[in-house]
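For the single chain, residues carry numbers from 1 onward in sequence order. Just so you know, these numbers come straight off a predicted model, no measurement behind them.
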Amino acid sequence: MPEIMNENPPNTFTLLTRQLNTPATYMQKNKYGLKMHKTLQKYFGYSDFRPLQEDIINDVLNDRDTFVLMPTGGGKSLCYQLPALLKDGITVVVSPLISLMKDQVDSLRESGVDAAYLNSTLKPAESKRIYEELKRGEIKILYVAPERLTMSSTITLLKSLNVSLFAIDESHCISEWGHDFRPEYRKLNFLKKKFPEVPIVALTATATPKVREDTIEQLGIKHGKTYVASFDRANLFYRVRAKKDTYDNLLQYLRKKKGESGIIYCQSRRTVDSLTNKLKKDGFNVLPYHAGLKDSQREKNQEMFIKDRTDIIVATIAFGMGIDKPNVRFVIHYDLPKNLESYYQETGRGGRDGLECECVLFFSHGDRYKIEYFIKQKDKKEERDIALKQLSEMVDYCESNICRRKVLLRYFGEETTEDNCGKCDVCLQPRIEVDGTSDAKLLINCIKELDQRFGMNHVIDVLTGSRAKKITDKKHHLLKNFGQGYMYPKDTWLDMARDMLRQDIIKVEGARYPLLKLNRNSEEVLSGKRMVTFTRSADDEIHTDYDPVEFIPEKRERAERPASALQRKVNDNPDRELFDKLKELRILLAQMQDVPPYIVFADTSLRQMAARKPRTSEELLKITGVGEYKLKKYGDRFLKEIEKHLSEPEEMEQPPDKKELAKPSIQKKTTSRTIAPLIPKPKLEKQMLLRTMDALEDDLVKMIKDKLGGVFSDEEIRREYQSLIKNNNPE
């Protein structure tokens, strides 16, 4: 089981920086420096490395075993993909999920990298073709499942090849102390025995110190370098809301996010199905995902989400691992997560492109008691104790009055000197403490008069003077405290009772039927020995006016970091109309190749294109994510689209009605190209279609050539294509 980190580890970043600035290390860095940056730009379209990437890649290139702990979206994959291109031989990547392998290979191929995967989805003929390509040295990066890697036939194959690096992705799966332990990963300890000269880089986004140590020991890389990056995801905005009128609040929020990608996590399959059906009825493009669905249906729903054919996935925690979709703009927890580690991982699936993502958690003590009940059904006391401690930390996070980012980072052993991150509800809406001693006495007296035999709702119904049947049947309307709390609504009393629980002024006993009980602190309040303060509740509406650019703290330690995609956005104000046109083009190109749209270009690239409006190949190459291969494959098409947009005259139209302006922009199937009402319509659709087909001809020829394995020339394909068009479009 994972270990809770109570002590702060040494500042790994500082120690490594000192160590890496020695003359010997400088010579090693200098040896690969120019090649590394050229390769980064050529294949991946980036001009700068993210924090720690350059140092890690240098160690890998110098054949040093390396352990990398880096948060989701931090750029782990590049730490082995780039060295693979500079090293002789083949890099073998161990990956636990088939969907993740395919996604990574598709993305690498789109960037001009020779990559392949071996797993159970391949037909014998396909596997044979890959074996032959491996023997001819035509593959630089090979992805394999751990089960496939441990097969004797695979080991024999790799022995015959020039393997230069093993990369173990999701390496925390090796440790029995991890929350994702997989027995097949444990068998990977054979690598150092069978391939003692081949370096290993182990990578993960989540690992406590105990998991980290176990993973390193099992892989036999104790003498390697360990890198621990910051867990801070600067582009994520954290918010916790009270779980009341939850669906209405959710509905209001999603209407403002119409057309954007998001994940909604629920604890049970029943909630997933119920919420999905409700959202569908309210007009949202949404699909469910949980273990109760057939494998084929789950795969289909996941693919629909990844390819931007559905906006929202409502899912249990079964969804997420292996998802590399970069443009998730919101992650909502409809129910309380069981621990902070899961919560961090699940929120980390948002904003992987470095752009803004809002993480909203609906919190109620009812969810807490449900989870406690199931925890107490566990057989082993040790497991119960650990799970209860983790749940308590999760609740503390929800009820905390200090920066949420600070609480999260502290859980992972990382301290921050910032008291106000500017990107969580606590920091943006500070809560005011008020004296609540007299109100607390009223609640305590009511609990005492009811002999501590009832739950929170019943106690507060008595206090607020409810005439519900359950109150009158028990004659509780005749009690002295009946109606004494008339001055506040029930919701306010519930908030105060929860605050008293958090302060240990009252307590709850019983998991299935939780009852309010008094303790020593309760008596001290009644006797006047103890004061009680309450925090004023924030507005329970989910705010959506969050612009991450405004919240980047202008502090020295932030400014020293290389500019991230989020920070670069400060100077990139995209032309919304052009951005929508580029998205349409991206979807079209992705559908032709049957790949997710973000594999063509990520949102970060399109936003920069729409802001900077490049007119030449040289200018386009300066856009983040545009490498030489993608420039050659897609450059002309995107430049033509930008040129066309810039050359279109502004249409003189009447100002739109205010109601029209208020309508949300739907990005999926609508187009921002408008046709002036004075232009005659006869034959317009046919003309537009023919112009579009002509414009796409070069792209189609290239794609068909790629699909057919480059056997036919451009001229042959173009000739047959034009013949087909002519035969199927008679005048």
For this session: Please confirm whether the backbone N or O of S261 pairs with a side-chain atom of R329, one donor and one acceptor, at under 3.5 Å?
Result: no
Exercise. Distance only, no hydrogens: is a donor on one side chain within 3.5 Å (strictly under) of an acceptor on the other, for N301 and Q297?
Worked result: yes
For this session: Using the test salt bridge (Lys or Arg N to Asp or Glu O under 4.0 Å), find all partners of K140 that sit at least two apart in sequence or belong to another chain.
Result: none
Exercise. With a 4.0 Å cut-off, would you call E628 and K632 a salt bridge?
Worked result: no
For this session: Would you please name every residue forming a salt bridge (Lys or Arg N to Asp or Glu O under 4.0 Å) with D63, sequence neighbours left out?
Result: K87
Problem set entry | Cationic N near anionic O, under 4.0 Å, K187 to E147 | no
Exercise. Hey, do the aromatic rings of Y185 and H172 have their centres closer than 6.0 Å?
Worked result: no
Seminar exercise, completed: Residues at least two apart in sequence or cross-chain that pass side-chain contact (heavy atoms from CB on, under 4.5 Å) with D106, listed by chain then number, are K102, V595, I599
Exercise. Between the side chains of D169 and Y143, does any donor sit under 3.5 Å from an acceptor?
Worked result: no
For this session: For E197, look at atom CD and say whether over 12 heavy atoms of other residues, nucleotides or ligands are found less than 6.0 Å away.
Result: no
For this session: Count the heavy atoms of every other residue, nucleotide or ligand shown that sit under 6.0 Å from CZ of F190, and state whether that count exceeds 12.
Result: yes
Exercise. Do T121 and N119 meet the criterion of a side-chain donor-acceptor pair at a distance under 3.5 Å?
Worked result: yes
Seminar exercise, completed: Test salt bridge (Lys or Arg N to Asp or Glu O under 4.0 Å), reference K325, set D353, D308, D603, output is D308
Exercise. Below 4.0 angstrom, N of the basic side chain to O of the carboxylate: do R109 and D114 qualify?
Worked result: no
Exercise. Can a salt bridge be assigned to the pair K222 and D65 using a cut-off of 4.0 Å between side-chain N and carboxylate O?
Worked result: no
Exercise. Is the count of non-hydrogen atoms from other residues, nucleotides or ligands lying under 6.0 Å from K194 atom NZ greater than 12?
Worked result: no
